[in-house]
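Quick note on labels: first sequence line is chain A, next is B, and so on, each numbered from 1. What you see is a predicted model; the values in this text were computed from it and never measured.
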Amino acid sequence: MSTNNPAPEAPVQESSVQMPPARKVPAKQIPALEVRGLVKDFHSGGLFSRASVRALGGVDLTIGKGQIVALVGESGSGKSTLARCVARLEKPTAGQILVNGINVLKRDRFQASKEYRSQLQMVFQDPFGSLNPVHRVEHFLTRSLTLHGKAGTADELRIRLDQLMTTVGLTPDMLNSYPHELSGGQRQRVAIARALAVEPDVILADEPTSMLDVSVRIGILNLMRQLRDRQGISMLYITHDLASARYLADRIAVMFAGEVVEEGESLDVLANPAHPYTRLLVSAVPDPARTGSYDPADRAALRAAVMESASCVFDGDRQQRCSVTEPVRHLVGNAANRHWVRCHLYRPTAAAAGHALSSDPSASIAADGSLTESKASA
Amino acid sequence: MTVSQTSFGSHEPVLEIKDLTVKYRGDTRSTTAVDRVSFSIGVGEIFGLAGESGCGKSTIANAIMRLLRDPAEISGGSIRFGGRDVLSMGSEELRRFRWQDVAMVFQSAMNSLNPVMTIGDQIVDIYTTHAGYSRKESLRRAAELLELVRIDPARLKSYPHQLSGGMRQRAVIAMAVALKPSLLILDEPTTALDVVVQQEILAQIKELQHELGFSVLFITHDMSLMVELSHRMAVMYGGRIVETARAKHIHTAPQHPYTQALMGAFPPLTGPRVPLTGLPDGVKFSNIADLREVSPGHFVSPLPVLQGAQP
Ligand SMILES: Nc1ncnc2c1ncn2[C@@H]1O[C@H](COP(=O)(O)OP(=O)(O)OP(=O)(O)O)[C@@H](O)[C@H]1O
Ligand SMILES: Nc1ncnc2c1ncn2[C@@H]1O[C@H](COP(=O)(O)OP(=O)(O)OP(=O)(O)O)[C@@H](O)[C@H]1O
Ligand SMILES: [Mg+2]
Ligand SMILES: [Mg+2]
């Protein structure tokens, strides 16, 4: 199998017969979550410095009701920041967040209301940091349940707790454990159970399965799908695992340097990646059949294609004109897949937060006297 | 006692673990997290450790580093490093052992950075304390180190919370290789990284490894990655090793049902979407028997049916 050049696939509808096909969202239906032009600047540098980094450079993203959208992309590209802004843990610099059609930044001006938290829950990227070490597992779940009026009587609570634990594949006796007594994967499941306790409309899951072994991971993915199918929960699934994104999500959005650069039906995006970064990403998926095939030269060529914006495959297309100044979207392939890619000629004006691919850090070194000096002596 | 959970060193082992047993003692119950585990890692070898979440991988790593605290207790077995008995090292020897001989990237790497110190100061600290370099020299090396893991050296001035999850993880990896240890333990080192960066970091680790000849104990849930990177690997379940062999062999011909479940549970990147189940519900393995060699270098724990036939 060569992931470098994925073989063209049969049209999506036909190839996914073995699983329920991706849900089509009727055009008029109000999406569960809609993010418009979201910008987030972080203050950077020292206490008195005015420097800032742009973590999100105007992100648009829509999740239909009962839809699962996977957000993949470069580490440091702003995926967690996007989720944290939507969860109202971070104040966006600009843009709108609409949940069930309501602009939540207007409704709850300063912080997320309780109502908002019962609509939308987040599973954090880091299960070690997100569970307070002084409490037992039971506390986290009970608290979520009580806070949102789901606890019921003592007996009902006991049953709910046991159910939640079983749902995420833990044994009820672990309710008595402290976070430090759990393995990484066990903690991750507690975090998922905590979000589920609230029975929200939308779950933002930031790498919820990164620490689980594959056979358990599949269980959690199936669980997420079930929650969608049975309870209509909409989800944003942030992951670095492209195969699981393809397995679970209806659509995949690819982030690069603070922007979504490509989005479309999952199978189609991975089979026909259009943006150079998506292609780079797909080509780097580990594949045991390909041991030792990492070629620095190939990598450098792909990387260069991502970094330089000299050409766009749509350049010269009369139907879909390119633009250097506007982030125009080109439609890729069959319109039914609503697969689009951002024009690669477009150059955002504000530099996004430094990202891993920029192999020439000289600009920032120049801004730092001491480093320039030590560099010179190197 | 039978030859339990035998492993084989292709050449001179740098690390040798024999019958290691670790228990977590609780007020009411005590868990045997690691149960008579044996394996060895050769000089310059990359050894992968895979398995169920909660099967004891991190516990083994912590045991090697002598980092286990109450209520954890090593109740049996031995750990030898370069012929020295790790479990009987004194505090001074241990300090050197931990930084210069063995370095570890923790599973909670993202959290193991000091939140109130800049990344730069933390790396400089390593060099000034453990290598005796001047501050200026340490700073120069710190910048180099960040570049190695593709973080802009301007980030030396950043605090951990100002970095993305993946950047923090890369910073920690950089710190671990700072002193060029002879054994590097990587506990889920790349879970927070995108595959492009992951591949590059692992290529760098491999390159460094080739150059400096250190050995690697590599723990990950990413089986594709493990097979791609490791020479040999072991699969654990419930505190025991159920299978160990060359990584290629485990990939192409997994023998134990748990290994087979692991290998069959990663969704494909091409073709139709097919539902996968992982380990079928309710399947649990217990009383995992000692390993038996099924073909040269390939050891598998026999299944219960076969167990009866054992003496
Ligand atoms: N509190 C903060 N202060 C300053 N910069 C920040 C802060 N939080 C995030 N950033 C920066 O914003 C950018 C995006 O970070 P974010 O954590 O959203 O990335 P990510 O896509 O989730 O990455 P990963 O896949 O590694 O988790 C990074 O450059 C990061 O350094
Ligand atoms: N301090 C502790 N007290 C009691 N039990 C513990 C403690 N630390 C770990 N355990 C238990 O020991 C077992 C092994 O844990 P360990 O962290 O080694 O697993 P792991 O293989 O690294 O899992 P993962 O892949 O999820 O990180 C787990 O079942 C865990 O619940
Ligand atoms: Mg993140
Ligand atoms: Mg672990």
How long is the gap from CD1 on A/I218 to CG on B/L262, to the nearest 0.5 Å? 11.5 Å

What I'd like to find out is whether the side chain of B/R170 reaches to under 4.5 Å of the side chain of A/S75, using heavy atoms alone. yes

Can you see which heavy atom on A/V285 is nearest to which on B/L269, and at what distance? CG1-CD1, 3.4 Å

What distance separates B/S53 OG from A/R189 CZ, expressed to the nearest 0.5 Å? 4.5 Å

Interface residue of largest heavy-atom contact number with chain A, from B/M263, B/E137, B/K57, B/E52, under 4.5 Å: B/E52

The criterion is side chain to side chain donor-acceptor pair (under 3.5 Å); which residues satisfy it with A/Q186, sequence neighbours excluded? A/S183

Nearest heavy-atom neighbours spanning A/P286 and B/S224: O-CB, 3.6 Å

Could you give the distance from OG1 (A/T239) to CG (B/D194), rounded to the nearest 0.5 Å? 11.0 Å

By a 4.5 Å heavy-atom criterion (distance strictly below it), what part of B/Q198 contacts chain A: side chain, backbone, both, or neither? side chain

Under the rule for side chain to side chain donor-acceptor pair (under 3.5 Å), what residues qualify as partners of B/S158, not counting sequence neighbours? none

Is it true that a side-chain atom of A/N222 and a backbone atom of B/L276 form a donor plus acceptor pair closer than 3.5 Å? yes

Closest contact, heavy atoms only, B/H221 versus A/V214: O-CG1, 3.8 Å

Spacing of CZ belonging to B/R273 relative to OG belonging to A/S266, to within rounding of 0.5 Å: 5.0 Å

For the student: nearest non-hydrogen atoms of B/P267 and A/A243, plus distance: O-CB, 3.3 Å

Segment of A/S177 engaging chain B (4.5 angstrom heavy-atom cut-off): side chain

